[in-house]
Colleague: 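The following block contains the structure, expressed as structure tokens.
All residue numbers refer to positions in the sequence shown, counting from 1. Computed from heavy atoms alone, side chains included, the values below leave out hydrogens, waters and symmetry copies. We count ligands from 1, going down the list as the structure has it; atoms in each ligand are counted the same way.
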Amino acid sequence: MSILIRNIKKLVQVEESPRTFVAGKDMAKLNSISEAWLSIESGRIAAFGKMSELDNALTPDEVIDASGKMVFPSFCDSHTHLVYPASREIEYIDKIKGLSYEEIAKRGGGILNSAKRMQEISEEELFNSAYQRLNEIMYLGTGAVEIKSGYGLNLQSELKMLRVIKKLKASHPLTIKSTFLGAHAIPPAFKSRQSEYVDLVINEMIPQVSAEELADYIDVFCDKGFFTVEDTDRILNAGMKYGLRPKIHANELDYSGGIQVGVKYNALSVDHLEFTDDKEIKSLYGTETMPTVLPGAAFFLGMIHAPVRKMIDAGLPIALASDFNPGSSPSGNMQFILSMGSIVYNMLAEEGINATTINSAYAMGVSEELGSITVGKKANIFITNEIPSIEFMPYAYGSNKVEVVIINGIKK
Ligand code: NIG
Ligand code: FE
């Protein structure tokens with residue numbers, strides 16, 4: 001199957017020689033070609049260029065005219081919990097009435113509420129609901145997604161979640177990475193025996209997850225009221241022995257030390273980062289750890305905002321992801337995340353696009369395959385409807401600008 005897209009108003013995020021990620025001032029740079037064409041063959045990006053130099057010898061199976069429209073690499077959503085048993089709009093009423101995320105969690109709501117439902121739901125139901133969510137985000141422009149476990153909180157249920165993610169990988173066209181998040185919350189049975197739960201994660205869960213090859217990465221919710229730096233240190237150290245690179249939840253609720261412990265273990269990313277100051281910025285600078293901000297969760301929970309401008313100005317890279325989950329961010333719409341990046345965090349359109357494509361691809365370990373329009377990369381792209389400028393993408397929040405989605409070179 002080959003496709004030629006002609007008359008593209010702007011072909012966005014093109015790279016001749018691919019980079020792993022972009023940081024600091026470079027985040028405001030975005031390579032694009034006006035009046036362009038793009039050809040796709042056997043699921044890959046085959047060639048692209050200016051219309052004035054279009055190769056007339058091409059004989060594609062399908063020609064798409066994209067006059068007035070732009071072509072983007074699909075979004076990479078590097079942080080989600082989209083395998084979950086049920087929505088949680090009931091406890092959301094408590095939130096509206098003024099209870100904080102931590103207070104809801106203390107009452108047995110939050111992650112523990114999802115964990116209870118997880119024990120009851122069948123693997124099939126869990127799979128089907130997640131498959132639908134994958135379809136939903138695919139049509140909104142996402143081409144790759146990371147999915148975490150963490151609503152199991154015991155060996156059997158964690159394995160159930162991870163097996164569902166493995167099945168999704170095998171059956172859904174999106175590129176999927178899987179993360180083991182056994183240390184997401186302390187289950188009630190271990191209430192005053194936190195370190196024993198950490199032992200269970202280390203001695204029983206990690207070896208089994210690894211034996212079944214169920215996870216690409218390992219995560220810990222390192223924050224006030226959840227797991228300590230010491231717990232995190234132990235878990236990441238154990239994960240490392242099984243080749244599991246960390247991607248961790250850090251500094252959402254406090255200056256938890258999570259960023260530093262993530263960097264210490266060469267985490268692929270540290271995510272949330274509402275509580276980030278000079279010390280944390282310094283610890284991230286020059287490392288291979290991608291600072292990842294989740295605007296949906298901060299917005300939904302009414303939290304303070306990560307100092308994105310300050311971080312970029314200090315020379316750091318930033319990735320943006322949705323955190324799609326039933327408790328703190330019940331949306332996986334990356335177009336909306338891009339808008340929030342600019343509206344709430346003062347990111348330029350170029351910075352937001354870099355943060356949701358090349359940098360978020362890096363944050364989930366797929367930047368060699370995805371995240372830019374580069375010859376040889378997977379043909380996961382979208383064609384917009386007619387839009388006046390790239391700025392229109394973040395500006396027109398709430399409306400769907402994605403018209404055609406192509407995944408692995410196939411129109412959806
Ligand atoms: O990323 N912060 C921790 N975990 C999730 C929330 C999960 C939930 O509430 O179900 C998050 O926001
Ligand atoms: Fe999360």
Colleague: Check ligand 1 against Ile111 and write out every atom of the ligand that is under 4.0 Å from a heavy-atom position of the residue.
Modeller: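 This gives 7 (C), 8 (C), 9 (O), 10 (O) as the contact atoms.
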Colleague: Would you tell me whether Thr179 and Asp219 have side-chain atoms, one donor and one acceptor, within less than 3.5 Å of each other?
Modeller: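 Asp219 and Thr179 do not have a side-chain donor-acceptor pair below 3.5 Å.
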Colleague: Among protein heavy atoms, which lies nearest atom 2 (N) of ligand 1, and at what distance?
Modeller: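 That would be Glu252 OE1, 2.7 Å.
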Colleague: Atom 6 (C) of ligand 1: which protein heavy atom is closest, and how many Å away?
Modeller: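 Ranked first by proximity to atom 6 (C) of ligand 1 is Tyr101 OH, 3.1 Å.
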Colleague: Check whether Tyr84 forms a cation-pi arrangement with Arg133 (NZ or CZ under 6.0 Å from the six-membered ring centre, at most 45° off the ring normal).
Modeller: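 Yes - Arg133 lies over the ring of Tyr84, closer than 6.0 Å to its centre and within 45° of its axis.
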Colleague: Angle at the Fe ion (ligand 2) between NE2 of His249 and OD1 of Asp323, to 10°?
Modeller: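 An angle of 170° at the metal.
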Colleague: Numbering the atoms of ligand 1 from 1, which are under 4.0 Å from a heavy atom of His79?
Modeller: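 Within the 4.0 Å cut-off of His79, ligand 1 contributes 1 (O).
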Colleague: Quick test: of every protein heavy atom, which one is nearest to atom 11 (C) of ligand 1, and how far off is it to 0.1 Å?
Modeller: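 Protein heavy atom with the smallest distance to atom 11 (C) of ligand 1: Asp323 OD2, 3.1 Å.
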Colleague: Nearest protein heavy atom to atom 10 (O) of ligand 1, by residue and atom, and its distance?
Modeller: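 Nearest neighbour among protein heavy atoms for atom 10 (O) of ligand 1, to 0.1 Å: Tyr151 OH, 2.6 Å.
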Colleague: If you draw a 6.0 Å radius around CD in Glu288, do more than 12 non-hydrogen atoms from other residues or ligands fall strictly inside?
Modeller: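 Atom CD in Glu288 is not crowded, with 12 or fewer foreign heavy atoms closer than 6.0 Å.
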Colleague: Using a strict threshold of under 4.0 Å (side-chain N to carboxylate O), is an ion pair present between Asp26 and Lys29?
Modeller: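 A salt bridge links Lys29 with Asp26.
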Colleague: Suppose we measure from atom 12 (O) of ligand 1 to each protein heavy atom; which comes out shortest, and what is that distance?
Modeller: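 Answer for atom 12 (O) of ligand 1: Ser328 OG, 2.5 Å.
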Colleague: Is the closest side-chain donor-acceptor distance between Glu274 and Asn251 under 3.5 Å?
Modeller: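 Glu274 vs Asn251: no donor-acceptor pair found between side chains.
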Colleague: Could you tell me the residue and atom name of the protein heavy atom closest to atom 4 (N) of ligand 1, and the distance to it rounded to 0.1 Å?
Modeller: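 Of every protein heavy atom, His184 NE2, 2.8 Å lies nearest to atom 4 (N) of ligand 1.
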Colleague: Just wondering, more than 12 heavy atoms not from Lys169 lying within 6.0 Å of its NZ?
Modeller: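 Counting neighbours around NZ of Lys169, more than 12 heavy atoms of other residues, nucleotides or ligands fall under 6.0 Å, so yes.
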Colleague: Under 4.0 Å from a heavy atom of Asn325: give me the atoms of ligand 1 that qualify, with their elements.
Modeller: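 Per the distance check, 6 (C), 7 (C), 8 (C), 9 (O), 10 (O), 11 (C), 12 (O).
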Colleague: State, to the nearest 10 degrees, the angle whose vertex is the Fe ion (ligand 2) and whose arms point to NE2 of His79 and NE2 of His81.
Modeller: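 The two atoms form an angle at the metal of about 100°.
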Colleague: Will you find, in the side chains of Ser283 and Gln260, an N or O donor that is under 3.5 Å from an N or O acceptor?
Modeller: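 Judged by distance alone, the side chains do not pair up.
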Colleague: Can you tell me if, anywhere in His272, an N/O/S atom lies at a distance from the Fe ion (ligand 2) that is smaller than 2.8 Å?
Modeller: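 So His272 does not bind the Fe ion (ligand 2) by this criterion.
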Colleague: In this structure, which one of Lys167, Lys160, Lys166 forms a salt bridge (Lys or Arg N to Asp or Glu O under 4.0 Å) with Glu123?
Modeller: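 Among the candidates, only Lys167 passes.
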Colleague: Among all the protein's non-hydrogen atoms, which is closest to atom 3 (C) of ligand 1, and how far away is it?
Modeller: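 For this ligand atom, the closest protein heavy atom is Phe221 CE2, 3.3 Å.
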Colleague: Check for me whether Lys401 meets the cation-pi criterion with Phe72, that is, NZ or CZ under 6.0 Å from the six-membered ring centre and within 45 degrees of the ring axis.
Modeller: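 No - Lys401 does not lie over the ring of Phe72 by the 6.0 Å and 45° rule.
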Colleague: N/O/S of Asp271 less than 2.8 Å from the Fe ion (ligand 2)?
Modeller: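 Under 2.8 Å: Asp271 has no N, O or S contact with the Fe ion (ligand 2).
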